[in-house]
Amino acid sequence: MRLFIRSFATIALATATFIGSVAAPTNDAQAQYTGKSTADYFPTWYVGMRGSINTLRGSDLGTSPLPETDYDPGFALGASVGVNMPRAFFQPLGGLSFEAEISRYWQKIDNNRIDFFFPLMIASEGERDFDVTAYMLNAYWKIPTNTMFTPYIGGGIGTADVQLQSDPVAPMVGDDEDTVAAWQAMVGLSFEEDPRSLTQWHLGYRYFTTDDPEFDDGFGGKTIIENDIHSVEAGVRFRF
């Protein structure tokens, strides 16, 4: 985990620096982005919404025989409420944001499995839902550019309710839900026409992972999913 955090921080800072340099507007555009607002001196609140397209990278660590598993692309929706700290607050860290977020990930798993449930040999094949509801506390740092484009990096911790649809041919009803700890990291670029704008758009990348959820597989064993979700997301925040 420490190696991942250091690696992500290095990549995120390099990406943000690159985005900031590419997104730098002309002198005319910079001249239009002038003036002060209450956001420079006072906290401002916001509500946000986002949507994303996801890929799930994972593996089944459960009891043998393990199924042959493929993970289909999925999607997610999220909503948040947060506070922007003043841009003149604790320089050079002005522009920190803190938020509470709830999000839902919808994924599909294709698995093929042959299991022995004495005295039967049972074959399982098909698509199963793998859904995650996450409750997160996040922090963002926006990198000041004095332009309409602002790179950001962020991270969050929380919990996740993970649901795996029961195998339809399992001879027993298994436990299909588990609650585990969750982490995430974000990097991207936000856009607002003016520092006084009430609307801010953003486009970015999100990495979401959890402790390994564990389920009864309905065959007398356990299904343990090691999962990482990678997302390309777009969203909007409304300040008030």
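Please read these numbers as outputs of a predicted model, since none were measured by experiment.
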Could you work out, with side-chain hydrogen bond (donor to acceptor under 3.5 Å, both in side chains) as the rule, every residue matching Thr179, not counting sequence neighbours? Asp161
Residues clustering with Leu198 (ILVMFWY side chains joined when closer than 4.5 Å, directly or via others): none
Do Leu77 and Arg104 come close enough that some side-chain heavy atom pair is under 4.5 Å? no
Would you sort out whether Phe75 and Trp106 count as a ring pair (Phe, Tyr, Trp, His ring centres under 6.0 Å), showing the intermediate values? CA-CA 6 Å; Phe75 66 96; Trp106 289 272; 5.0 Å; yes
Check: Met186 and Asn138 side chains under 4.5 Å, non-hydrogen atoms: yes
Same apolar cluster: Trp45 and Phe98, side chain cutoff 4.5 Å: yes
Separation between CG (Asn54) and OH (Tyr207), nearest 0.5 Å, reads 13.5 Å
Between the side chains of Gln163 and Asp131, is a donor N or O closer than 3.5 angstrom to an acceptor N or O? no
A side-chain contact here means heavy atoms from C-beta on lying under 4.5 Å apart; do Leu164 and Ile109 qualify? yes
Report yes if the side chains of Gln200 and Lys142 come closer than 4.5 Å at any heavy-atom pair, otherwise no. yes
Do Val132 and Val162 have side chains that approach each other closer than 4.5 Å (heavy atoms only, starting at C-beta)? yes
State, with a plain yes or no, whether a side-chain heavy atom of Tyr152 is found less than 4.5 Å away from one of Ser97. no
In short, salt bridge (charged side-chain N to carboxylate O under 4.0 Å, His left out) pairs touching residues 42-56 with sequence neighbours left out are Arg50-Glu101, Arg50-Glu233
